[in-house]
Amino acid sequence: MKVYFIMGSLNCKEAPELVLEKALKGGVTLFQYREKGEGCLSSADKKALALQLQKICRKNHVPFIVNDDLDLMISLNADGLHVGQEDGDIREIRRRIPDKILGVSVHNAEEAQTAVQIGADYLGVGPIYATSTKLDTRDVMGFSVVKELRAKGITAPIVGIGGIKEENAFDVVEAGADGVSVITAISHHEDPERAARGLLQQVEEAYKER
Ligand code: TPS
C-alpha cells in the first residue's frame, strides 16, 4: 500500500507503458489501471493497453488492479478491482470476485465501516487535498479524515488520495494511512521514477515515526 500509482492513457504525457516502467523502477508498490475521461480508450483498445500494463506489473511483481470495470478485471484475470461509491452494488461485486483484491473509495466513517463489513480489502480515502484529476470528487478533507477513521476503529489498510505529492505525503501516513495513492504526482512528473522514489521515501520516513 506504500505507493499506489493510478493511471490511464489520458494521464500520460508519454507512452503509458514507459511511464509505468519508470514509476515501478522508482518503487511503486501497487498499480491501478483507470481508463476514464473524455476521449479515453474503450473496448478493444482499452483491453489491449490493460494487457500491456498488466504484463509490466507482473514482470515487476506488483499487483495489477482494474478501476471500476468488473468484466475487464475478470477477462484479464487481474489481481483486483477498485470501485467507488457510485460504481454498483459492492456486496454483489464482492460475491463475484471472492478471491481478488477489492478496494473501495470512501469519504467518511460510515462508508468505511460498510465497506469493511462487506469485505473490502483496502480503502481509498479522499480527496485529502485539492485535485483537478478527478472532476466529480467530494470536498477536500485534509489528512485529519484519516485520523478520524482510525479513531473510530477502522483498522483496514488505508491509502490517502487526492492532490498528494512528495511535499505532503508524510502527513497523510503520519495521520494513520498505510500509504499514498497518486495519479499526476507521478504521471505528470518530468521524471516519474524520481517522483515515485520521493513518495516512497516520505512514506517510509513516516512509518519510522509511528
Ligand atoms: C485507491 N479518486 C479519488 S481522488 C482521485 C481518484 C481517482 C484523483 C487523484 O488524482 N482511491 C483509490 N482509487 C481511486 N480511483 C479513487 C480513490 C478515486 P491526483 O493524484 O492527480 O490528485
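Bear in mind that the values here come from a model prediction, so they are computed numbers and not experimental data. Indexing begins at 1, ligand by ligand and atom by atom, following the structure's order.
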Has the side chain of [X] got a donor or acceptor atom that lies under 3.5 Å from a matching backbone atom of [Y]?
{"X": "Gln32", "Y": "Asn67", "answer": "no"}
{"X": "Arg94", "Y": "Gly119", "answer": "yes"}
{"X": "Asp121", "Y": "Gly103", "answer": "no"}

So Tyr129 and Phe143, would you call those rings parallel, tilted or perpendicular, with 30° and 60° as cut-offs?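 Because their plane-to-plane angle is over 60°, the rings of Tyr129 and Phe143 count as perpendicular.
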Does the pair Asp178/Arg150 count as a salt bridge with the N-to-O cut at 4.0 Å? yes
Which residues share a ring pair (Phe, Tyr, Trp, His ring centres under 6.0 Å) with Tyr122, sequence neighbours left out: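 Only Tyr4, His82 meet the ring pair (Phe, Tyr, Trp, His ring centres under 6.0 Å) criterion with Tyr122.
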Distances only, to 0.1 Å: what are the N or O pairs between ligand 1 and the protein that fall under 3.5 Å?
{"unit_1": "ligand 1", "atom_1": "10 (O)", "unit_2": "Thr133", "atom_2": "OG1", "d": "3.4"}
{"unit_1": "ligand 1", "atom_1": "13 (N)", "unit_2": "Gln32", "atom_2": "NE2", "d": "3.1"}
{"unit_1": "ligand 1", "atom_1": "13 (N)", "unit_2": "His82", "atom_2": "NE2", "d": "3.3"}
{"unit_1": "ligand 1", "atom_1": "15 (N)", "unit_2": "Gln32", "atom_2": "OE1", "d": "3.0"}
{"unit_1": "ligand 1", "atom_1": "15 (N)", "unit_2": "Asn67", "atom_2": "ND2", "d": "3.3"}
{"unit_1": "ligand 1", "atom_1": "20 (O)", "unit_2": "Ile183", "atom_2": "N", "d": "2.9"}
{"unit_1": "ligand 1", "atom_1": "21 (O)", "unit_2": "Thr133", "atom_2": "OG1", "d": "2.5"}
{"unit_1": "ligand 1", "atom_1": "21 (O)", "unit_2": "Thr184", "atom_2": "N", "d": "3.0"}
{"unit_1": "ligand 1", "atom_1": "21 (O)", "unit_2": "Thr184", "atom_2": "OG1", "d": "2.6"}
{"unit_1": "ligand 1", "atom_1": "22 (O)", "unit_2": "Thr131", "atom_2": "OG1", "d": "2.6"}
{"unit_1": "ligand 1", "atom_1": "22 (O)", "unit_2": "Gly163", "atom_2": "N", "d": "2.8"}

